[in-house]
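In what follows, a single structure is set out as C-alpha cells and then discussed.
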Amino acid sequence: MDFAERVYVVVARIPRGRVTTFGRIARALGSPRGARMVGWALNRSPSALNLPAQRVVNRNGVLSGAVHFGHPDAMHDLLVEEGVSFLDEITVDLEAHLWDPAEDPDLDYLTVIVDAP
DNA sequence: AGTTTGACAGTAT
DNA sequence: GATACTGCCAAAC
C-alpha cells in the first residue's frame, strides 16, 4: 500500500457536501507535513476510481486544483450540486463544511486493513 | 544516483 | 494582516 493509495482511501470517505484540506489528510495519514504529497497523489490518481477530489481544497478553502477538472468551474459546479456554499467563485466556506478525516472513527480501522501484508 | 517537481502548510518577518 | 521563506518526501526522469 503506497502513500497515494492511502490518500485515495481517505478522499473516498469524505461525505457529500463536506470538504477537507490537504494538510488534514496528510495529518490523518501520519505525515503532518506531507500536504504536498497529497496533491501529488491526487494528480496521478486513476480516473476510474471516481474520487470526489472536488472535496479537497487547500487550507484557505481555495479550489487550488480546479485546473485539473478540465473545464474551469467544473469543480465549483460539482460542489454547488452537493450544497457546498462559497465565499467567492473559487473559495468554499470552510467553517460551514470542513470535515476532518482524523475525526473519522473508521479511519484507523481502514488503514490497518490496507496496511496489512 | 542526483535532480526536479508538486492540487501544500507552518513559521517568521 | 500579508508576504517570504522554509520544510516536506514520494515518484518520475
Side-chain angles (χ1 to χ4, degrees):
Chain A
M1 194 82 187
D2 63 22
F3 184 87
E5 289 171 320
R6 301 201 286 180
V7 171
Y8 307 155
V9 170
V10 174
V11 172
R13 292 187 60 76
I14 305 173
R16 255 182 85 85
R18 309 290 298 282
V19 296
T20 193
T21 67
F22 294 93
R24 295 188 112 107
I25 292 172
R27 200 185 63 196
L29 291 177
S31 294
R33 284 148 204 94
R36 307 185 64 153
M37 290 168 285
V38 175
W40 168 86
L42 285 180
N43 188 26
R44 81 173 301 284
S45 69
S47 56
L49 294 179
N50 289 327
L51 288 177
Q54 70 276 14
R55 298 174 190 152
V56 184
V57 300
N58 72 12
R59 66 168 174 192
N60 303 123
V62 174
L63 276 45
S64 50
V67 297
H68 300 281
F69 280 75
H71 187 273
D73 291 348
M75 187 173 180
H76 168 89
D77 293 343
L78 284 168
L79 288 168
V80 170
E81 288 276 326
E82 302 183 357
V84 173
S85 57
F86 281 70
L87 302 181
D88 66 50
E89 285 298 309
I90 61 163
T91 311
V92 302
D93 187 350
L94 264 187
E95 291 283 316
H97 303 106
L98 181 63
W99 179 78
D100 190 343
E103 293 171 3
D104 180 357
D106 292 333
L107 184 61
D108 285 344
Y109 171 74
L110 289 171
T111 53
V112 167
I113 298 299
V114 300
D115 279 337

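By convention in this document, chain letters (A, B, ...) are assigned in the order of the sequence lines, proteins followed by strands, and residues within each chain are numbered from 1.
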Bounded by its outermost nucleotides with an atom under 4.0 Å from a heavy atom of chain A, the footprint on DNA chain B reads B/dG6 to B/dG10

Nearest-Å distance, CZ (A/R27) to P (C/dC9)?
-> 16 Å

Pairs in or reaching into residues 20-42 of chain A: which pass side-chain hydrogen bond (donor to acceptor under 3.5 Å, both in side chains), with residues at least two apart or in two chains?
-> A/R24-A/D100, A/R27-A/D100

List the atom of A/A12, the atom of A/P52, and the distance in Å for their closest heavy-atom pair.
-> CA-CD, 4.1 Å

For DNA chain B, determine which residues of residues 81-89 of chain A have any heavy atom closer than 4.0 angstrom to one of its atoms, and list them numerically.
-> none

Is A/L87 close to A/V92 at the side-chain level, that is, under 4.5 Å between some pair of heavy atoms?
-> no

Can you give each donor-acceptor pair under 3.5 Å made by side-chain atoms of residues 56-65 of chain A, sequence neighbours left out, with the distance rounded to 0.1 Å?
unit_1	atom_1	unit_2	atom_2	d
A/N58	OD1	A/N60	N	3.0
A/N58	OD1	A/G61	N	3.4
A/N58	OD1	A/V62	N	3.0

In this structure, are over 12 heavy atoms from other groups packed under 6.0 Å from A/E5 atom CD?
-> yes

Whole angstrom value for the distance that separates C1' of C/dG1 from CG of A/N60 | 13 Å

For DNA chain C, which residues in residues 40-55 of chain A have a heavy atom at a distance below 4.0 Å?
-> A/W40, A/R44

Are A/H97 and A/R55 side-chain neighbours, meaning at least one heavy-atom pair lies under 4.5 Å?
-> no

Side chains of A/P101 and A/R13: does their closest heavy-atom pair fall under 4.5 Å?
-> no

Heavy-atom closest pair (A/A41 atom, A/Y8 atom, distance to 0.1 Å) is O-OH, 3.4 Å

To the nearest angstrom, how far is A/L29 atom CG from C/dA10 atom P?
-> 12 Å

Can you find a pair of side-chain heavy atoms, one from A/V19 and one from A/W99, that are under 4.5 Å apart?
-> no

Between A/A4 and A/A35, whichever has its closest DNA chain C nucleotide further toward 5' is A/A35

Which part of the nucleic acid, if any, lies within contact of A/G23, taking any heavy atom under 4.0 Å across all strands shown: a base, the sugar-phosphate backbone alone, or nothing?
-> sugar-phosphate

Electrostatic pair A/E82:A/R18 at N-O distance under 4.0 angstrom | no

Separation of C/dC9 atom P from A/I25 atom CD1, nearest Å, is 17 Å

Does A/D88 have any side chain to side chain donor-acceptor pair (under 3.5 Å) partners at least two apart in sequence or in another chain, and if so, which?
-> A/T91

